[in-house]
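All values derive from a computational prediction rather than experimental measurement.
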Amino acid sequence: MDRKSVGAGAPVRVAILGFGTVGTSAARILCEHPPQGVALGCIFNRGIDRKRVPWIPSSVLWTENFDEVLASDPDIVVELAGGLNPAGEWVRRSLAAGKSVVTANKKMIAEQGPALEDLARRHGCQLLYGAAVAGGVPVIPAVQQGLAGDRINRFHGILNGTCNFILSNMEDGAEFDPTLRQAQERGYAEANPTEDVDGFDARAKLVILSRIGLRVEVLPEEVACRTIRDVSAIDFAYAKELNCTIRQIARAEVRNQELLATVGPMLVPRSSPLSWSRGTENMVISGGQYGGETVFSGHGAGGHPTAVAVISDVLAIAHGGCPVTIASTRARVDGDFIVPHYIRFVVDDRPGIVAAIAGDLAGQRININAILQKPGYPKDRLPFVVTVEPCRSSALKAALAKIAQMDCMQAPPFDLQMLEETIA
């Protein structure tokens, strides 16, 4: 750290922007177990009077005026307000003033990370965001430092604790809507859960991992994502028959100078470590050309775990640490993975349905692997499942569009990619 570091006399002063769940936890760490040579100097939040707590030392400045934050001359600004604006403007002003910034703001880093890092370099300070992916799991520093010597070519994992909470509870028999309400009551999901359940949160994190690990730059909106809202109890029943479960998976792979990337619910084999992740846990598996597979797992949500990652970044800056930076390049994005698929049909049962489905799949050169039909459902709304051998997602989409027009279909066909596990 250029301006001041631990051991240089006066303590490194920290300002926290945003006194919500994570901001409060970060302040508690700095106040209850203050790291040597680091001191909390300022807390910024709107409506500051309702945020004041007695355990913050009287020496700490409380303010809802960002100009007063900069005037207090912090060495490190910790941005925990979230969103693009005005948080992005606060971060830019802090970096332009030579203040290092620590943030957990995945949306901002996914969309503006390269520009903000360039701004930090030009003003002799740092931008760290270890808490932006997987909460308290140190994926980002591990990739930037511990795996910098490898050539990472793929990531896949569970990057959203809310979806993992919902799907792992559905695996135990719960329904989607009441489980979502429970997640909201516990603070795992927002009142508007779109960012989580529709895949946008995990997508932003995947974009960050792709840039720092795969060394390619893409925009979040270029990565296809699917909601978990369409997964039902019957899908978990059939997944169990296939010795699988269902999780929201984010995956990215560099192949032939382009990025294959997607986010959505997928069938995961029971043999995969990803199937063991439950509740709000996150898990990331990286694949390297020389180092092979590395698994990261832990609490991906919650104030305390995320605050640990935040304070770890503060300490890295305070002690003069500097992350390894490797140049990334712009890449084209494609979501057309060649993988096996699970397809659930709901039909008004009659002779010839399976033959017609097989014919339309064969028309796209897709081979059926297995057909499963559980008893006990009415014939006029009969669910059954077909699994197919590895095929292009685009070919399956074309086949299903034709199959959906069959007059026996009582609901649109529902397909999930089947994750092919590489870890024994």
Side-chain angles (χ1 to χ4, degrees), residues 106-118 129 132-134 139-140 142-144 147-160 163 195 198-227 247-266 268 274 282-296 323-341 390-397 416-423:
K106 64 262 184 181
K107 191 169 187 178
M108 180 177 66
I109 296 301
E111 297 194 16
Q112 304 172 8
L116 293 174
E117 288 179 333
D118 180 65
Y129 41 88
V133 175
V139 175
I140 288 180
V143 169
Q144 289 180 318
L147 297 178
D150 201 357
R151 184 67 183 180
I152 301 174
N153 49 41
R154 64 188 178 278
F155 287 107
H156 62 283
I158 295 167
L159 296 178
N160 184 273
C163 287
E195 286 288 318
D198 293 343
F200 305 131
D201 175 83
R203 180 173 69 177
K205 296 169 183 176
L206 187 65
V207 166
I208 296 170
L209 283 178
S210 297
R211 181 164 57 85
I212 67 169
L214 305 181
R215 305 169 191 174
V216 294
E217 291 181 23
V218 300
L219 297 174
E221 58 266 27
E222 295 174 321
V223 177
C225 56
R226 292 182 61 185
T227 184
R247 295 289 186 267
Q248 186 202 58
I249 302 296
R251 62 186 308 192
E253 178 179 341
V254 173
R255 188 184 299 169
N256 299 327
Q257 304 303 311
E258 72 176 7
L259 181 71
L260 287 171
T262 189
V263 174
M266 299 182 192
V268 177
L274 294 172
N282 280 196
M283 182 178 289
V284 180
I285 302 174
S286 69
Q289 181 177 346
Y290 302 103
E293 305 280 0
T294 305
V295 181
F296 305 91
V324 176
T325 55
I326 300 175
S328 56
T329 57
R330 193 78 172 85
R332 193 178 81 86
V333 186
D334 192 352
D336 208 7
F337 284 89
I338 300 176
V339 292
H341 285 257
C391 63
R392 289 193 179 277
S393 301
S394 57
L396 181 65
K397 182 178 180 180
L416 294 173
Q417 292 186 12
M418 301 176 69
L419 189 67
E420 293 183 295
E421 192 52 63
T422 57
I423 295 181

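I109 CD1 to I208 CD1: the interatomic distance, rounded to the nearest 0.5 Å, is 6.5 Å. One finds the CG atom of L396 at 10.0 Å from the CG atom of D336 (value rounded to the nearest 0.5 Å). Note: N153 CG to Y290 OH = 10.5 Å, rounded to the nearest 0.5 Å. Here CD of Q289 is found 10.5 Å from CZ of R154. Values are rounded to the nearest 0.5 Å. A distance of 5.0 Å separates CZ of F296 from CG of L147, quoted to the nearest 0.5 Å. Remark: C391 SG to Q417 CD distance equals 9.0 Å, nearest 0.5 Å.
When all heavy atoms of A134 and N282 are compared, the pair lying nearest together is CA-OD1, 3.2 Å. Heavy-atom minimum distance, Q248 versus G199: NE2-CA, 3.6 Å. The nearest pair of heavy atoms linking L206 to A252 is CD1-CB, 3.8 Å. Closest heavy-atom contact between K106 and A132: CB-O, 3.2 Å. Nearest heavy atom pair, residue G287 against residue E293, reads CA-OE1, 3.8 Å. Contact detail for V218 and A331: the closest heavy-atom pair is CG1-O, 3.7 Å.
The only option from T262, V263, L260 that meets the side-chain contact (heavy atoms from CB on, under 4.5 Å) definition with R251 turns out to be T262. Paired with F155 under the rule side-chain contact (heavy atoms from CB on, under 4.5 Å), one option of V143, V254, I285 passes, and it is V143.
Within a 6.0 Å sphere centred on CZ of R215, heavy atoms belonging to other residues, nucleotides or ligands number more than 12.
Side-chain contact between F337 and E253 is present, with at least one heavy-atom pair separated by less than 4.5 Å. Annotation: side chain of I212 is not in contact with side chain of V133 (no heavy-atom distance under 4.5 Å). Residues C225 and F200 meet the side-chain proximity criterion, which asks for heavy atoms closer than 4.5 Å. L219 is listed as a side-chain neighbour of R330, based on a closest heavy-atom distance under 4.5 Å. Side-chain contact between L209 and K205 is absent, with no heavy atoms from C-beta onward closer than 4.5 Å.
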Going through the checks in order, is the side chain to side chain contact (heavy atoms under 4.5 Å, CB included) test met by I152 and L214? CA-CA 6 Å; I152 301 174; L214 305 181; 3.8 Å; yes
How far apart are the C-alpha atoms of R226 and M266, what are their side-chain angles, what is the distance that settles it, and do they pass the side chain to side chain contact (heavy atoms under 4.5 Å, CB included) test? CA-CA 10 Å; R226 292 182 61 185; M266 299 182 192; over 6 Å; no
After noting the C-alpha distance and the side-chain angles of R247 and L274, does the key distance pass the side chain to side chain contact (heavy atoms under 4.5 Å, CB included) rule? CA-CA 8 Å; R247 295 289 186 267; L274 294 172; 5.6 Å; no
Between E117 and R211, is a salt bridge (Lys or Arg N to Asp or Glu O under 4.0 Å) present by the stated rule, with each step listed? CA-CA 12 Å; E117 288 179 333; R211 181 164 57 85; 3.0 Å; yes
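For E217, the salt bridge (Lys or Arg N to Asp or Glu O under 4.0 Å) criterion is met by no residue, not counting sequence neighbours. Residues forming a side chain to side chain donor-acceptor pair (under 3.5 Å) with D198 (at least two apart in sequence, or on another chain): T227, R229.
At distances below 3.5 Å, not a single donor-acceptor pair connects side-chain atoms of R332 with backbone N or O atoms of E258.
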